Each structure stands twice: as structure tokens, then as C-alpha cells.
Amino acid sequence: MAAPFKLVSRLALVTGGGSGIGRAVCQRFAKDGASVVVADISEDSASETLRTLSHDQQGQEHAALCVDVSSRQSVEQLITLIQRQYFRPPCVCVSSAGITLDEFLLKLEEEAFDRVLRVNLKGSFLLTQAVSKALVASGSSKGVIINVGSIVGKVGNLGQANYAASKAGVEGLTKSAAKELGRFGIRCNTVLPGFIATPMTAKVPEKVLDKFEGMVPLGRLGEPADVADVCSFLASDESRYITGASIEVTGGLFMG
Ligand code: NAD
């Protein structure tokens, strides 16, 4: 049985918090007792998530802020705003902001390649760097970085050369960060979702989703909460000896 309120008094930042997996992570962290900063490029979606967050613990204070994770200036501004509001940097950071721009390799435009890399990979880099810099500067002895990769980064996917490359990059980035930041008490891990029912996968043709669903040993597509529960474990002290790991949340799809 998981400890109740296992993130009490933690400050958590979740990018892509306005939708899908990021929203479920915000909701789970709030239930775990954390104060949550919901960050998204869409201010309206971030505010919508904010309205759904529970406040069962004394001192829990949530916020919704706008960020474009692909811009260094925007990410730095976000961290500055958080430190001004909470007088400390976030000790948990989940990078869930992500996009797809699917096209077969033979037709893939350079701009679609660059945009997906800018948001998914560079965005994770900018957040990982900005949060760990702020944690080290604050003298904190504990931090958690969770980057959302994808099982597609390991196995590739038709029409997703840009996306698969970005997610493979996220795993390499996170493992390198884990090696460098362990001595500062900062743990860095990647979660690798399979097919999860969110607005992102709503764009995938039904017949493709049905095909993948048929291949999942657990017999269903994932729910955002399936991924959020793993993030909750990775954010908590229950995973205190785990860093540099990539945890598949796929229902067994494409297991190695
Ligand atoms: P989603 O589209 O529901 O949510 C993504 C969120 O990211 C949106 O709220 C969007 O506004 C935000 N966003 C996009 N660009 C941004 C930017 N530049 N700056 C800040 N925010 C930005 O998608 P999701 O399914 O919840 O995906 C969340 C993460 O999980 C993504 O990184 C995605 O690649 C990854 N993932 C999803 C699945 C899946 O099956 N849904 C599988 C594997 C990995």
C-alpha cells in the first residue's frame, strides 16, 4: 500500500500540465500533498487543470503558468517566477510537454523535424538544466527530474522518425543528467509510455490504434493515470535508489 500524502511539502513543476498525461500527473501530485505548478503553452488549458487540483493538505498552493519549453528565455522566466512566488525552486520537475508532426520519412520536411526536436528534446534539456541549476544554487540536497520519453524512442514507428529521434534523445539526455547530478542528490529518470488515450493519440487513425491495442499483452490502451502513478513513485522517496532508469508504462507492448 502506497504511503498517503507522500509528496507533502514538495513543490512540483509539470510542463504540458494542461492536457493528457501532464494533467493526470498534476492531479496525482496534488493528491499526494505536493504544491503543483501547472505549466503549459496554453494558458487556458493550464488554468483548467489548476481548477481540478485538490487542496487536502495545509499549505498546499497550486499555480498555473504559461511557458514555451522550446525557448530558453521562456523557461528561465518560468523558473524565476516560481522562485519569486514560492521562495524556492521546484524539487520535482516533470517534462511532459510534447508534440507530434507525423509524416513518412520520404516526405518529412526539415521544419517538421526541427520543431519536434525543439519541443520534445530541447524542451526537456532546457527544463532539466534550469531546474537543476536552480536546485544546486539553492543548496538543496534533493531533487527529482522525470522526463517523459516514449517506447517509440526505443523501437521506432512508421511516420514518426522525428518523434522517435526526439524521444530516444530524451532518454540519452536523462541518463547523462543522472550521471552528472547524482552527487547533488538529484535523481533523473525517464518514463516510456506506450499508447495512452489522450488528445495526442486521438489524432491517430482508429484502425492503427485498434492494431496496437490488439498487440498489448494487458489488452487495453493506457490511461493517463497509469503513467501518473509511476511518476508519483519516481517523485517520492519510495524510489530513492533509482536514477538513470527508463521505466516502460506500456501494458507490455514492445517489451524487450
Ligand atoms: P497532449 O497533447 O494531451 O499534451 C501535451 C501538452 O503539451 C499540451 O497541453 C500542450 O499544450 C503542451 N505543449 C505543447 N507544446 C508545448 C510547448 N512548446 N511548451 C509548453 N507546453 C507545450 O499529449 P500527451 O499524450 O499527454 O503527451 C504528454 C507527453 O507524453 C508528451 O511528451 C508525449 O510525447 C508523451 N507520450 C505520449 C504518449 C501517448 O500515447 N499519449 C505515448 C508516449 C509518450
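Just follow the structure's listing: the first ligand is 1, and inside any ligand the first atom is 1. Quantities reported herein were computed from a predicted structural model and do not represent experimental measurements.
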(message) So if I count the atoms of ligand 1 from 1 in the order they appear, which ones are less than 4.0 Å from some heavy atom of Ile99?
(response) 14 (C), 15 (N)
(request) Give the numbers and elements of all ligand 1 atoms closer than 4.0 Å to a heavy atom of Ile21. (result) 26 (O), 30 (O), 37 (C)
(request) Could you list which atoms of ligand 1 come closer than 4.0 Å to a heavy atom of Val148? (result) 29 (C), 30 (O), 35 (C)
(message) Regarding atom 12 (C) of ligand 1: of the candidates Val38, Asp40, Ile151, which has the closest heavy atom?
(response) Asp40
(message) Is the ring pair Phe212/Phe195 parallel, tilted or perpendicular, if the boundaries are 30 and 60 degrees?
(response) parallel
(request) Looking only at protein heavy atoms, identify the closest one to atom 3 (O) of ligand 1 and say how far it is in Å. (result) Ser19 OG, 2.6 Å
(message) Quick test of your reading of the model: are Asp56 and Lys31 salt-bridged, counting only N-O distances below 4.0 Å?
(response) no
(message) Keeping Arg187 on the side-chain end and Ser239 on the backbone end, is there a donor-acceptor pair under 3.5 Å?
(response) yes
(request) Using a strict 4.0 Å cut-off to heavy atoms of Gly20, name the atoms of ligand 1 that fall inside it. (result) 3 (O), 26 (O)
(message) If the contact criterion is a heavy-atom separation under 4.0 Å, does Asp68 count as touching ligand 1?
(response) yes
(request) Quick one: pull up CG in Asp40 and CG in Leu65 and give me the separation to the nearest 0.5 Å. (result) 11.0 Å
(message) Run the side-chain hydrogen bond (donor to acceptor under 3.5 Å, both in side chains) test against Glu111 and tell me which residues pass, sequence neighbours left out.
(response) Arg118
(message) Return the closest protein heavy atom for atom 23 (O) of ligand 1 as residue, atom name and distance.
(response) Met200 CB, 3.4 Å
(message) Any atom of ligand 1 sitting under 4.0 Å from a heavy atom of Pro199?
(response) yes
(message) Using a 4.0 Å cutoff against the non-hydrogen atoms of Phe195, which atoms of ligand 1 qualify?
(response) 40 (O)
(message) Atom NZ of residue position Lys107 - does it have more than 12 heavy atoms of other residues, nucleotides or ligands inside 6.0 Å?
(response) no
(request) Show which atoms of ligand 1 fall inside a sub-4.0 Å distance from at least one heavy-atom site of Ser96. (result) 28 (C), 29 (C), 31 (C), 32 (O)
(message) So for Ala46, does at least one of its heavy atoms come nearer than 4.0 angstrom to any atom of ligand 1?
(response) no
(message) Using heavy-atom distances only, which candidate in Val191, Thr198, Val69 approaches atom 41 (N) of ligand 1 most closely?
(response) Thr198
(request) Can you tell me which residue pairs pass the salt bridge (Lys or Arg N to Asp or Glu O under 4.0 Å) test with a partner in residues 217-226, sequence neighbours excluded? (result) Arg220-Asp226
(request) Compute the minimum heavy-atom distance from Gly194 to ligand 1 and say whether it is under 4.0 Å. (result) yes
(message) If the threshold is 4.0 Å, N to carboxylate O, is there a salt bridge linking Asp32 and Arg10?
(response) no
(request) Would you check if the side chain of Asn162 reaches a backbone N or O of Ala112 as a donor-acceptor pair within less than 3.5 Å? (result) yes
(message) Less than 4.0 Å is my threshold; does some heavy atom of Lys167 fall inside it relative to ligand 1?
(response) yes
(message) Are more than 12 heavy atoms, taken from residues, nucleotides or ligands other than Glu61, located less than 6.0 Å from that residue's CD atom?
(response) yes
(request) Answer with yes or no whether Gly123 contacts ligand 1, where contact means a heavy atom under 4.0 Å from a ligand atom. (result) no
